[in-house]
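Have a look at the structure below, then the notes.
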Amino acid sequence: MTAGVRAEGGSMSTLLDAQGLHKAYGPTTALAGADLRVRAGEIVSVMGPSGSGKSTLLHCAAGLTRPDAGHVGYDGQELSMLDDVRRSALRRREFGFVFQFGQLVPELTALQNVALPLRLDGVSRRTAERRATGLMDRLGLADKARSRPGELSGGQQQRVAVARALVTGPRVIFADEPTGALDSVAGEQVMEMLTTAAREAGAAVVLVTHDARVAAYADRGIVVRDGRSSERMGVR
Amino acid sequence: MAELALGVRLAFPSGRRGWLRTAMATAGVAIGAAALLLGASVPVMLDARQARMEARADSVAGVEVPPGETLIVAGVESQWGSNAVRGRLIWPESPGAPLPPGVPAFPGDQQMYASPALRAALAGPDGETLRRQMPYEVIGTIAPSGLSGPHEYAYYAGYKRAESLVGSGSWRVDRFGYVLEGERGPGTYVVVAAMLATLLLPVAIFIGAALRFGADTRDRRLAAIRLVGADSRAVLRIALGESLVPAGLGLAAGTLLYLVVRGRAADLRLFDVSVFPADIRPVPVLALLVVAVIVALSAGMTLLGFRGVAVEPLGVFRRSTVWNGRLWWRLLPLAASLWLLQPVLAGAANPDEDRAGLGVVLLVIALIPLVPYLVPLVARVLPGGSASWQLASQQLRQNPAASTRAVTGIVVAVTGAIALHTFFGAASVRRATPDNPADPAYVLQAPGRQTPAAMRERTATFEQVDGIRAGTVAKYILYGGRDATGTGYLVVGDCATLRQIATFDRCADGDAFVQGDTGRTVTTLDTGHIEPTPGTKVAVPAGARPARFVGTDAQGVNVGLLLTPSIVPASLARAEPWFVETRMYEGDDAPGTAAGQLRGLAAEIDPLAQFTAIAPEYDKFASLRVALNLGSAVILLMMGVGLLLDVASRLHDRRRLLGVLAAVGARRSTVIWSVLLQALVPVLAGLALAIGVGVGLGAVLMRMSQVPVLFSASAVLAPVAVGSALVLATTVGVLLPAARRVTTTEELRYE
């Protein structure tokens with residue numbers, strides 16, 4: 001493990017600040033006043049039992065879902081006030097995502113998948129693929145560039161997803177159960193790669209997991225229970 | 001543009017299912033594009049045919065052309081099996097006489113140029129019988145420019161005797177290319193409109209079904225792209241780009257298919273019409289329109305597919321609303337069509353064909369919104385019972401549009417097939433039977449005097465053919481004054497033949513019969529003049545007994561005189577009759593080739609004699625029925641594939657639910673039955689609607705064409721049976737194995 005220890009309240013500035021988030025799906029309350037604060041470059045784990053609202057917290061914080069109440073500030077902007085075009089631009093340039101599964105496009109090769117956010121941002125194919133290739137080389141995926149997701153193992157697919165999340169040089173990576181579908185060895189490899197690469201790139205990571213071994217990669221953690229968050233004690 | 005390009009890239013899929021999706025959509029568009037391109041070629045095809053027919057037209061419409069650089073022409077219109085034979089006996093009056101189109105030089109006396117199809121028939125197994133109709137030496141072939149189509153039977157024969165027949169069988173022309181009158185019969189337009197609507201609508205529905213195939217997979221893919229930063233408009237552009245690939249590939253494949261069909265066009269024949277492949281060219285504007293329609297349809301179907309669907313970064317969300325089908329707007333097209341068809345339904349004498357055609361098309365279109373309303377209604381009305389029916393009926397009630405998408409095409413196709421089958425069935429019943437049972441099957445009319453012995457000999461000639469009973473009479477028209485062309489007939493013939501024309505008590509040679517008040521004398525019409533001119537005066541014999549004309553001869557006849565040969569006065573025997581007519585009746589024991597043999601004998605007597613078949617020698621609608629059956633089969637096959645695509649797609653969409661049902665212990669048979677009922681109930685409900693509307697549409701077509709409204713069970717049930725068989729084959733052959741595969745808990749593996 002290479003996860004570093006950062007002091008709470010250190011010199012890093014707050015990058016993402018979610019305060020008093022409420023979200024309900026019909027009669028079911030998912031969030032009831034949850035908070036999440038992320039500083040630049042830190043890794044924050046979000047833990048909690050099933051149905052506690054941790055994924056909903058991540059979705060609200062990333063602007064994927066609008067909260068019913070509360071606010072999400074990112075770099076001086078209120079996310080819930082942004083329209084679809086500007087939130088999409090944020091997802092392309094500032095955020096990266098690694099989910100449990102389903103986020104790779106099966107029709108595209110691994111290289112094309114990694115280059116996709118750049119292509120959507122108007123970068124030429126040659127430049128986008130050059131940057132994607134460089135990143136995949138660094139992450140040990142060079143030999144998988146021409147493979148399609150269906151030809152890769154679960155662990156390899158997640159590593160491609162990590163590469164894609166990093167290719168635009170994001171400031172925050174949102175990872176929702178990134179090892180949930182992997183065995184422990186593959187899971188460890190993915191987490192190692194994700195956290196190392198994020199630290200090298202200076203990107204913050206919001207890591208939703210129910211696995212304490214995965215949460216151990218974080219600098220600090222919060223726990224979500226019944227839609228409310230609290231700072232987790234005992235994290236390095 | 002980058003998004004469109006990405007969409008194009010995504011249309012080249014990975015995996016078997018992805019390729020199947022693209023292949024099916026491409027095939028669907030290809031078939032539709034080929035059908036539309038053929039439709040777009042019809043105007044050019046008809047124009048080219050019409051232009052050739054006009055270029056060779058030689059009818060001077062009664063105008064006398066003075067001799068000069070002229071050609072003498074006599075027309076011989078005949079028949080060989082189901083083929084009309086266009087014969088022209090020609091003789092040039094000067095070397096500068098006009099040459100018929102497609103003929104390289106004037107044939108010598110008793111020589112002919114024949115069309116390729118006629119040459120082939122003359123060389124065929126029954127060629128000798130056919131040759132009796134045209135016993136001329138074949139010296140060459142008529143070029144395509146002189147033919148209406150590649151299968152036309154036509155010849156130009158040199159016939160020196162035509163010179164002496166000008167005014168009585170032949171005429172002069174100083175050129176070719178007289179304008180033809182329109183040949184369209186009443187109701188034809190409406191029938192064509194009905195055929196196009198029932199053929200093209202299912203094609204459009206099929207293209208739609210093919211393009212929607214696999215939309216669920218596409219939506220999930222787009223959600224993944226949303227996650228990495230595509231906004232909702234970008235996603236739409238990607239989807240549009242993706243839909244352009246099957247549209248583009250389908251257009252290319254459809255054009256190829258069109259070219260293949262075009263290449264085979266010379267082998268095809270419909271009615272008596274055949275076309276040269278060179279004539280099958282799409283109207284450029286219509287071809288562009290086809291491309292635009294395909295692209296617009298694919299884009300439209302893509303946009304329509306996003307109705308009620310939100311593709312978000314976290315996944316695809318379908319706005320599930322309780323289906324609340326309202327009836328009133330669904331009835332609007334039906335009401336509009338009934339309003340348009342009202343004059344026809346009310347039995348108006350001359351209904352507006354354009355209005356009726358629009359009404360017919362609208363009636364077919366009216367089915368489209370009605371089917372999704374009918375299905376949940378049936379699901380509600382049918383009693384609840386087994387668990388499988390409960391599952392099926394819920395799905396049918398909540399999402400009838402999805403359940404009936406592919407069925408609508410089948411309903412439209414079957415409706416059209418029922419309507420056209422019943423129409424052609426009734427029309428062929430009317431036309432296969434002489435209007436009057438007293439009429440002969442064939443009549444030969446030849447100008448010139450005949451002695452009673454020669455007339456008997458002529459009768460005997462035709463009675464050589466097995467199963468033929470004949471009789472020959474000399475027929476005169478009675479002069480009815482300057483302003484009338486005639487009021488009746490004077491007929492000379494033996495007793496047996498006169499009995500074919502009129503009823504009377506008894507007859508022996510020397511008897512005379514009369515109908516109506518003739519007075520003491522009658523006067524024949526001298527047919528050698530254009531103006532009515534009195535001919536020979538004939539005293540009505542004192543002992544003439546009453547008679548009554550029958551059959552077609554009775555129509556419009558006020559007075560008539562029938563004479564047996566020995567009572568004919570000498571003055572009449574010297575006069576030229578209107579014509580000598582041999583009437584031929586066909587017995588049940590007559591061979592199928594009787595008509596051909598009789599025509600050959602008639603041509604030997606006089607090539608210019610007019611041989612008329614009162615009842616057709618063959619079923620004129622047979623070829624059209626074959627074409628209709630073929631068209632229906634192709635359309636229903638397309639519909640079957642569409643249904644298959646649709647059901648497979650819906651099964652794929654619902655595999656999680658089916659897996660859950662299997663997981664909670666539902667019997668596999670229960671789940672499979674629910675799937676089958678969901679496929680079958682809309683089809684059965686739709687077919688019931690098709691029977692109702694198809695029969696109504698058939699009645700409209702019959703009324704429009706003045707065909708007696710007559711329905712046969714086979715005409716109604718045959719298309720229904722074919723449609724049902726298709727559905728059965730689809731469900732049993734494909735759906736059942738697919739349903740077995742997805743009704744396992746294995747489907748939950750990925751959830």
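Chain letters run A, B, ... following the sequence lines, proteins first, then strands; residues in each count from 1. Computed over heavy atoms, backbone and side chain alike; hydrogens, waters and symmetry mates excluded. Since the model is a prediction, treat every value here as computed from it, not as a measurement.
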| message | Is Glu151(A) close to chain B through its backbone or its side chain, or both, or neither, when contacts mean heavy atoms under 4.5 Å? | response | neither
| Region of Leu222(B) that comes under 4.5 Å of a non-hydrogen atom in chain A | neither
Expected list for residues 57-66 of chain A: side-chain donor-acceptor pairs under 3.5 angstrom, two or more places apart:
from	atom 1	to	atom 2	distance (Å)
His59(A)	ND1	Ser55(A)	O	3.4
Arg66(A)	NH1	Ser80(A)	O	2.5
Arg66(A)	NH2	Leu82(A)	O	3.4

| query | What distance separates Arg221(B) CZ from Leu108(A) CG, expressed to the nearest 0.5 Å? | reply | 8.5 Å
| said: With chain A as the partner, which of Ala230(B), Pro313(B), Gly229(B), Ala223(B) has the greatest number of non-hydrogen pairs under 4.5 Å? | reply: Gly229(B)
| task | Please flag which part of Ala234(B) lies under 4.5 Å from any non-hydrogen atom of chain A: side chain, backbone, both or neither. | result | neither
| Roughly how far, to the nearest 0.5 Å, is CG of Leu104(A) from CD1 of Ile225(B)? | 11.0 Å
| remark: For residues 163-185 of chain A, the ring pair (Phe, Tyr, Trp, His ring centres under 6.0 Å) pairs (sequence neighbours left out) are Phe95(A)-Phe174(A), Phe97(A)-Phe174(A)
| note | Listed by number, the residues in residues 116-129 of chain A that come under 4.5 Å of chain B (heavy atom to heavy atom) are Leu116(A), Pro117(A), Leu120(A)
| remark: The interface call for Arg86(A) against chain B, heavy-atom contacts under 4.5 Å, is neither
| Residues, nucleotides or ligands: over 12 heavy atoms within 6.0 Å of Arg237(B) CZ | yes
| said: Does Asp226(A), at its CG atom, have more than 12 non-hydrogen atoms belonging to other residues, nucleotides or ligands within less than 6.0 Å? | reply: no
| Interatomic spacing from CZ in Arg92(A) to CG in Asp231(B) - rounded to 0.5 Å | 6.5 Å
| Who passes salt bridge (Lys or Arg N to Asp or Glu O under 4.0 Å) against Asp143(A), sequence neighbours left out? | none
